[in-house]
Engineer: 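First the structure, which I've put down as structure tokens, then a few questions once you've had a look.
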Amino acid sequence: MKTTNLLLGTLREAPADAEVISHQYMLRAGMVRQLARGIYTWLPLGLRVLRKVENIVREEMDRAGAQEMFMPAVIPAELWQETGRWDKYGPDLLRLTDRHDREFCFGPTHEEVITDLVRREIKSYKQLPCNFYQIQTKFRDEIRPRFGIMRGREFLMKDAYSFHLTGDSLQETYELMFQTYSSIFTRLGLYFRAVMADSGNIGGNSSHEFHVLAESGEDCIVFSENGSYAANLERAETMPCTESRPIATQTIDTVDTQNQHSISDVSQFLNIAESQCVKTLIVKGEESLVAMVLRGDHELNHIKAEKLEGVLSPLTFAEEDEIKDSIGCKIGAIGPVGLNIPVYIDHAAGQLADFVCGANKDDKHLIGVNWERDCPLSTTVDIRNVVEGEIAADRSGKLKFARGIEVGHIFQLGDKYSASMKATCLDEQGKSIKLTMGCYGIGVSRIVAAAIEQNHDDKGIIWPATIAPFEVALVPINMHKSQRLRDEVLKLYNELQTAGIDVLLDDRKERPGVMFADMELIGIPYRIVFSEKGLDTGKLEFKARTDSDNSEIELGSVVSFLKKKLENVR
RNA sequence: CGGGGUGUAGCUCAGCCUGGUAGAGCACCACGUUCGGGACGUGGGGGUCGUAGGUUCAAAUCCUGUCACCCCGACCA
């Protein structure tokens with residue numbers, strides 16, 4: 001490709017509304033342009049990267065024996081009604097009506113469509129296990145799309161669905177997909193981690209996420225020192241305390257705490273550590289309000305909380321006046337003592353003795369409170385986020401935190417969809433068996449953004465060679481002035497193309513500085529500079545995007561040199 | 001949806017407070033000089049100031065509605 005034949009829409013300044021680096025650079029490099037909120041056009045340069053990512057994903061999926069297909073983006077409502085997700089999925093589902101007033105949605109995920117297909121096509125255990133995938137545009141009407149391509153409403157996703165007769169077979173494919181995902185992200189040149197995850201509203205049991213580590217990541221991932229434990233913060237378990245609770249030394253007393261509402265207010269006011277206070281959060285339950293009791297310095301884990309019996313899902317905090325009606329005080333003064341609603345107590349809170357809590361009377365707190373003596377202690381539960389430094393649930397060491405961008409997610413769905421959609425097939429005995437399912441997603445377009453978040457400097461993008469839009473940039477200096485230079489550059493350009501190398505020749509009539517800056521901004525991994533001076537000596541300048549200085553290379557050896565550099569890309 | 005903010009040329013922004021001829025830099029076009037790290041000069045094209053209404057002799061500017069976009073909280077690849 002020559003730059004004069006490429007829509008090279010590089011910008012010197014990033015649009016003001018681009019917040020994260022990947023969004024800024026994708027706009028500045030001319031990879032994408034926004035059409036509407038969370039909806040983008042991929043320009044030729046960006047599309048080249050997207051396609052390379054897509055191809056790596058495709059190759060590895062094929063290698064793992066998955067079969068590619070292509071499902072419709074627009075899905076009839078009936079299928080979604082069959083699984084109940086038409087009502088459950090909520091406003092993220094973009095709903096459409098056709099000219100006959102028939103309802104459809106733009107598919108945000110395709111469990112229903114594939115299950116419908118499989119229940120029609122798969123009749124015998126001999127056809128199992130099977131794994132189908134597609135690479136397709138999805139639409140999720142997210143509440144808040146942000147960070148450009150990273151969280152768009154329309155995005156490109158690889159989604160795969162496997163079907164099995166037994167759980168063991170599912171487990172086998174699940175593990176194969178785990179390996180496949182690891183190969184994919186390795187080939188993409190990304191620094192990533194697989195972590196245990198919550199399965200969210202896709203449903204199912206076992207689930208892992210693949211995260212690209214980057215400061216701007218929206219997720220917090222948690223891992224132990226030796227790495228054997230790794231989980232999303234949403235999912236990371238805390239351990240029940242094994243030591244026995246300290247014995248009570250204080251007597252319970254009521255203190256005046258006027259205008260002290262938050263845990264930090266109260267702990268400062270009473271000069272007591274936050275960890276010696278107890279906070280009581282009130283959420284909506286199925287029948288009444290429900291209390292969540294945590295140590296003052298801990299945070300409630302919403303995912304864990306909404307899975308508890310009697311708690312409304314999605315987790316919703318009680319309104320101020322509901323609390324007033326039910327408990328009789330304001331939010332800043334609630335405590336577990338004498339509460340007349342169901343109470344869930346976190347493991348760590350259950351370990352406290354002589355603690356401080358709200359008195360369920362405005363402007364009053366209790367001090368010297370002890371479980372059992374002053375307040376019944378039910379079985380404690382895990383309802384908080386783990387904190388950095390505590391011991392991992394598998395006892396493999398202290399936990400560390402990192403930020404991650406979720407680029408892949410694999411689930412064992414079990415029979416969630418096959419049951420409601422009656423997807424069965426016959427086993428060896430001719431008996432009808434309900435199918436067991438797995439599903440495996442990769443955010444293809446998100447990977448492009450994640451790769452930039454992880455690989456950039458102040459000059460622009462630094463693409464891993466496997467997904468760079470071009471592998472080599474040829475930058476001739478003053479080509480328009482020298483026929484000899486032009487001939488030599490074109491000769492090499494053709495040779496590189498013949499050798500199957502993705503080469504971009506900057507044939508614009510620009511000053512060198514402009515060309516250098518653009519090639520660096522768009523992140524081409526290797527650059528070769530042509531000049532009259534170089535031709536005289538038979539040597540060209542070579543610089544990798546990551547090099548700080550130029551090196552020399554013989555004109556005649558460029559092709560073999562680059563081929564060697566790019567060896568492991570292919 | 002709640003809270004905050006912004007809409008003026010393709011991009012970055014000034015002008016608005018205090019109403020009176022719509023601006024700058026970059027980008028774009030032409031010519032010339034430059035030419036190994038985002039050059040310079042001269043000339044040029046491009047904006048119903050998001051949109052609708054109101055106040056006024058007069059609105060980018062003041063008022064009201066509305067829409068879009070961005071940021072902060074609950075969703076997810």
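The figures that follow rest on heavy atoms only: side chains count, while hydrogens, waters and symmetry mates do not. Below, chain A is the first sequence line, B the second, and so on; all start at residue 1.
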Engineer: Just say parallel, tilted or perpendicular for the rings of Phe132(A) and Phe163(A), cut-offs at 30° and 60°.
Structural biologist: tilted
Engineer: Using the P atom on both, measure G20(B) against A59(B) and round to a whole Å.
Structural biologist: 11 Å
Engineer: Check each of Val407(A), Val212(A), Ile467(A) against Leu188(A) using the side-chain contact (heavy atoms from CB on, under 4.5 Å) test, and report the only one that passes.
Structural biologist: Ile467(A)
Engineer: Quantified in whole Å, what is the P atom distance between nucleotide C63(B) and nucleotide G23(B)?
Structural biologist: 25 Å
Engineer: Return a table of donor-acceptor pairs under 3.5 angstrom between the side chains of residues 474-482 of chain A and protein atoms on other chains or two or more places apart.
Structural biologist:
| residue | atom | partner | partner atom | Å |
| --- | --- | --- | --- | --- |
| Ser482(A) | OG | Arg484(A) | N | 3.4 |
| Ser482(A) | OG | Leu485(A) | N | 2.9 |
| Ser482(A) | OG | Glu532(A) | OE2 | 2.3 |

Engineer: Paired with C28(B) by Watson-Crick or G-U wobble geometry, both distances under 3.5 Å: which nucleotide is it?
Structural biologist: G44(B)
Engineer: Can a donor-acceptor pair under 3.5 Å be found between the side-chain atoms of Arg527(A) and the base atoms of G36(B)?
Structural biologist: no
Engineer: If pairing requires Watson-Crick or G-U wobble contacts with both distances under 3.5 Å, which nucleotide is the partner of U6(B)?
Structural biologist: A68(B)
Engineer: Want to settle it: does Phe147(A) or Met150(A) sit nearer the 5' end of RNA chain B, counting the closest nucleotide to each?
Structural biologist: Phe147(A)
Engineer: Return the set of residues passing salt bridge (Lys or Arg N to Asp or Glu O under 4.0 Å) with Arg511(A) (not counting sequence neighbours), or none when no residue passes.
Structural biologist: none
Engineer: With rounding to whole Å, what would you report as the distance between C13(B) and G36(B) at their C1' atoms?
Structural biologist: 32 Å
Engineer: Anything under 3.5 Å between a donor and an acceptor, one on a side chain of residues 6-19 of chain A, the other on a protein residue two or more places apart or in another chain? List them.
Structural biologist:
| residue | atom | partner | partner atom | Å |
| --- | --- | --- | --- | --- |
| Thr10(A) | OG1 | Asp518(A) | OD1 | 3.1 |
| Thr10(A) | OG1 | Asp518(A) | OD2 | 3.4 |

Engineer: Can you give me the closest heavy-atom contact between Val558(A) and Ile553(A), atom names plus distance?
Structural biologist: CA-CD1, 3.9 Å
Engineer: Look at the rings of His208(A) and Phe178(A) and say which category their plane angle falls in: under 30° parallel, 30 to 60° tilted, over 60° perpendicular.
Structural biologist: perpendicular
Engineer: To the nearest 0.5 angstrom, please state how far the NE2 atom of His302(A) sits from the CG atom of Leu300(A).
Structural biologist: 5.0 Å
Engineer: Measuring only the P atom in each nucleotide, how far is U34(B) from C71(B)? A whole number of Å is fine.
Structural biologist: 48 Å
Engineer: How does each nucleotide of nucleotides 27-35 of chain B score, in 5' to 3' order, for protein heavy atoms under 4.0 Å: base (B), sugar-phosphate only (S), or none (-)?
Structural biologist: -------BB
Engineer: Toward the 5' end of RNA chain B, which comes first, Val407(A) or His302(A), by nearest nucleotide?
Structural biologist: His302(A)
Engineer: Looking only at side-chain atoms of Ile143(A), point me to the closest of C70(B), G37(B), A74(B).
Structural biologist: A74(B)
Engineer: With sugar-phosphate meaning primed atoms plus P, OP1 and OP2, does Arg153(A) contact a base, only sugar-phosphate, or nothing at under 4.0 Å between heavy atoms?
Structural biologist: nothing
Engineer: How many Å lie between NZ on Lys88(A) and P on C76(B), as a whole number?
Structural biologist: 12 Å
Engineer: Would you please name every residue forming a side-chain hydrogen bond (donor to acceptor under 3.5 Å, both in side chains) with Thr83(A), sequence neighbours left out?
Structural biologist: Glu112(A)
Engineer: What is the distance from CD of Glu299(A) to P of A74(B), rounded to the nearest Å?
Structural biologist: 10 Å
Engineer: Using atom P of each nucleotide, how far apart are A9(B) and G15(B) to the nearest Å?
Structural biologist: 15 Å
Engineer: To the nearest Å, give me how far apart CD (Gln24(A)) and P (C70(B)) are.
Structural biologist: 14 Å
Engineer: Assign Val514(A) to base, sugar-phosphate, or nothing according to its heavy-atom contacts below 4.0 angstrom with the strands shown.
Structural biologist: base
Engineer: What integer number of Å spans the C1' atoms of C35(B) and G43(B)?
Structural biologist: 23 Å
Engineer: Base, sugar-phosphate, or nothing for Gly408(A), non-hydrogen atoms under 4.0 angstrom?
Structural biologist: sugar-phosphate
Engineer: So which nucleotide does A14(B) pair with, by the Watson-Crick or G-U wobble rule with both distances under 3.5 Å?
Structural biologist: none
Engineer: Can you confirm whether or not the ring centre of Phe411(A) sits under 6.0 Å from the ring centre of His409(A)?
Structural biologist: yes
Engineer: If you only use heavy atoms from C-beta on, which nucleotide in C72(B), C69(B), G36(B) is closest to the side chain of Arg144(A)?
Structural biologist: C72(B)
Engineer: When Ile405(A) is tested against each of Gln454(A), Glu215(A), Glu453(A), His211(A) for side-chain contact (heavy atoms from CB on, under 4.5 Å), which residue passes?
Structural biologist: Glu453(A)
Engineer: Applying a 4.0 Å non-hydrogen cut-off, can you work out what Gly152(A) is touching in the nucleic acid: base, sugar-phosphate, or nothing?
Structural biologist: base
Engineer: Side chain of Glu406(A) only, heavy atoms from C-beta on: which candidate in C76(B), G38(B), C75(B) is closest?
Structural biologist: C76(B)
Engineer: Send over the distance from Arg37(A) CZ to U6(B) P, rounded to a whole Å.
Structural biologist: 18 Å
Engineer: Using the P atom in both, what is the distance from G54(B) to A60(B), to the nearest Å?
Structural biologist: 15 Å
Engineer: Do we see Phe155(A) stacking on the base of A77(B), given a limit of 5.5 Å between centres and 30° between planes?
Structural biologist: yes
Engineer: Please confirm whether the ring centroid of Tyr440(A) lies under 6.0 Å from the ring centroid of Tyr181(A).
Structural biologist: no
Engineer: At 4.0 Å (heavy atoms only), tell me whether Glu520(A) reaches a base, stays on the sugar-phosphate, or touches nothing.
Structural biologist: base
Engineer: Closer than 4.0 Å, any side-chain N/O of Gln34(A) to the OP1 or OP2 of A68(B)?
Structural biologist: no
Engineer: Over how many whole Å does the gap from Glu218(A) atom CD to A74(B) atom P extend?
Structural biologist: 11 Å
Engineer: Does the structure show a Watson-Crick or G-U wobble partner for G37(B), both distances under 3.5 Å? Name it, or say none.
Structural biologist: none
Engineer: Checking all strands, does Asp219(A) fall into the base, sugar-phosphate, or nothing category for heavy-atom contacts under 4.0 angstrom?
Structural biologist: base
Engineer: Over how many whole Å does the gap from Asn232(A) atom CG to A77(B) atom C1' extend?
Structural biologist: 13 Å
Engineer: Between N or O atoms, less than 3.5 Å apart, protein on one side and nucleotides 7-11 of chain B on the other: list the pairs.
Structural biologist:
| residue | atom | partner | partner atom | Å |
| --- | --- | --- | --- | --- |
| C11(B) | O2' | Glu13(A) | O | 3.4 |

Engineer: Do the side-chain N and O atoms of Lys279(A) and His298(A) include a donor-acceptor pair separated by under 3.5 angstrom?
Structural biologist: no
Engineer: Heavy atoms from C-beta onward define the side chain here; which of G37(B), C75(B), C70(B) lies closest to that of Asp17(A)?
Structural biologist: C70(B)
Engineer: Starting at CZ of Phe516(A) and ending at P of G38(B), how long is that distance when rounded to a whole Å?
Structural biologist: 10 Å
Engineer: Find the distance Asp506(A):CG to G38(B):C1' and express it as a whole number of Å.
Structural biologist: 13 Å
Engineer: Among A74(B), C72(B), C76(B), which is the nearest nucleotide to the side chain of Arg151(A)?
Structural biologist: C76(B)
Engineer: Hunt down the Watson-Crick or G-U wobble partner of A74(B), both distances under 3.5 Å, from any strand shown, or write none.
Structural biologist: none
Engineer: What's the gap between C69(B) and C11(B) when it is taken at their C1' atoms, as a whole Å value?
Structural biologist: 16 Å
Engineer: Need the pair for C62(B). Rule: Watson-Crick or G-U wobble, both distances under 3.5 Å, any strand; none if unpaired.
Structural biologist: G54(B)
Engineer: Choosing from G36(B), C76(B), C75(B), which nucleotide comes nearest the side chain of Arg446(A)?
Structural biologist: C76(B)
